[in-house]
Amino acid sequence: MQKFIHFESIDSTNTFLKKSYTAFPDFQVVTANHQTKGRGRLGNIWFDDGKSALFSILIKRYHEPSFCTMIPLIAVISLHKVLSSHMKNLMIKWPNDLMVNDKKLAGILTESIVVDGRVLAVIVGFGVNLDPIESLKHTDYLTTSLYEETGIHFQASQIIKDVVEVFDQDLHIFENHIFDALSYYKKHLSLIGEWITFLQEGVSYEGRVLDVTLEGSLLVETSQILMTLSSGEVHLIRRKSS
Ligand code: BTN
């Protein structure tokens with residue numbers, strides 16, 4: 001059974017659950033119409049103008065770090081399943097953005113609370129652009145929305161309900177079949193076989209993406225070595241076709 005709390009406006013649904021995870025049960029869902037301090041990956045701001053589906057899910061049922069590293073991957077699979085039922089050409093951009101024709105439609109921010117090697121909570125925050133967002137015109141990447149891709153004004157509540165339901169099922173399905181999750185992920189990942197430029201510890205590298213590991217890292221072949229790139233450490237700065 002899923003439990004929902006809704007805010008008209010809040011700083012960030014992820015921040016709220018990070019601060020108060022002890023007070024809520026497993027699979028608590030927090031939704032908002034607007035966030036005043038929405039956060040993205042790598043310290044980015046997440047703008048919404050009140051035109052996004054904004055929600056975070058608290059997961060407290062898993063404690064093994066090895067499984068918890070797979071949760072962001074399962075989350076993007078569930079989001080992909082729901083959104084691709086409304087449109088074509090929806091691809092996953094590593095690690096867990098959803099893109100249509102190289103324009104960003106949705107993103108996921110996953111944060112964990114780990115004490116002495118035991119995961120106490122994982123917070124998975126989803127942001128899906130429903131209608132065109134003025135503030136996003138100033139970002140350095142192209143964005144799109146469900147309305148621009150489908151011509152339909154979706155209700156946030158409908159998208160949230162569908163994603164929460166599929167994510168709940170997928171966690172159960174994939175907890176013992178993680179290779180199935182990885183194969184779905186790879187099938188819809190836009191980067192496999194492509195050349196990328198990335199920054200690691202301030203140094204720029206070029207390489208070809210060979211694979212994704214079970215931990216969700218990218219395996220990249222540069223001219224000298226094979227590198228394993230983990231999403232927290234690496235900044236993809238450019239993509240080009242081979
Ligand atoms: C990204 O693309 O960098 C991740 C964006 C995640 C945004 C969502 S919106 C709901 C939740 N609360 C936040 O502050 N961030 C996530």
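One-based numbering, in listed order, for ligands and for the atoms of each. Below, each value reflects all heavy atoms present in this structure, side chains not excepted, and no hydrogens, waters or symmetry copies.
Between K81 and D162 there is no salt bridge, since no side-chain nitrogen of the basic residue lies less than 4.0 Å from a carboxylate oxygen of the acidic one. The pair R39-E111 meets the salt-bridge criterion, with a side-chain N (NZ, NE, NH1 or NH2) lying under 4.0 Å from an Asp/Glu carboxylate O. The residues K186 and D211 are annotated as salt-bridged, a charged nitrogen and a carboxylate oxygen being separated by less than 4.0 angstrom.
At the shortest separation from atom 5 (C) of ligand 1 among protein heavy atoms lies W46 CE3, 3.3 Å. For atom 3 (O) of ligand 1, the nearest non-hydrogen atom of the protein is R41 N, 2.7 Å.
Close contacts of ligand 1 with K104, meaning ligand atoms under 4.0 Å from a residue heavy atom, involve 1 (C), 2 (O), 3 (O). Every atom of ligand 1 with a heavy atom of L109 under 4.0 Å away is listed here by number and element: 4 (C), 6 (C). The atoms of ligand 1 that sit less than 4.0 Å from any heavy atom of R39 are 5 (C), 6 (C), 7 (C), 13 (C), 14 (O), 15 (N), 16 (C). Counting the atoms of ligand 1 from 1 in the order shown, those under 4.0 Å from a heavy atom of L54 are 9 (S). Below 4.0 Å from some heavy atom of G40 lie the following atoms of ligand 1, by number and element: 1 (C), 3 (O), 4 (C), 5 (C). Set against the non-hydrogen atoms of D97, the atoms of ligand 1 under 4.0 Å away are 2 (O). Close contacts of ligand 1 with G38, meaning ligand atoms under 4.0 Å from a residue heavy atom, involve 14 (O). Atoms of ligand 1 lying under 4.0 Å from at least one heavy atom of S56, given by number and element, are 11 (C).
Heavy-atom separations between N44 and ligand 1 are all 4.0 Å or longer.
Every N/O-N/O distance between K37 and ligand 1 stays at or above 3.5 Å. Backbone and side-chain nitrogen or oxygen atoms of Q35 are examined, and one is located within less than 3.5 angstrom of a nitrogen or oxygen of ligand 1.
Side-chain N or O atoms of D49 include none that pairs as donor or acceptor with a backbone N or O of I133 at under 3.5 Å. At distances below 3.5 Å, at least one donor-acceptor pair connects side-chain atoms of W94 with backbone N or O atoms of G216.
Here the closest heavy-atom approach between residue G193 and residue R208 is recorded as O-CG, 3.5 Å. Minimum interatomic distance between P132 and S145 (heavy atoms only, all atoms of both residues): N-OG, 3.5 Å.
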For the pair D168 and K3, evaluate salt bridge (charged side-chain N to carboxylate O under 4.0 Å, His left out) and give the outcome as yes or no after the intermediate values.
CA-CA 12 Å; D168 198 8; K3 311 103 193 162; over 6 Å; no

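Tested against H80, the residues F126, F167, Y184 include a single ring pair (Phe, Tyr, Trp, His ring centres under 6.0 Å) partner, Y184.
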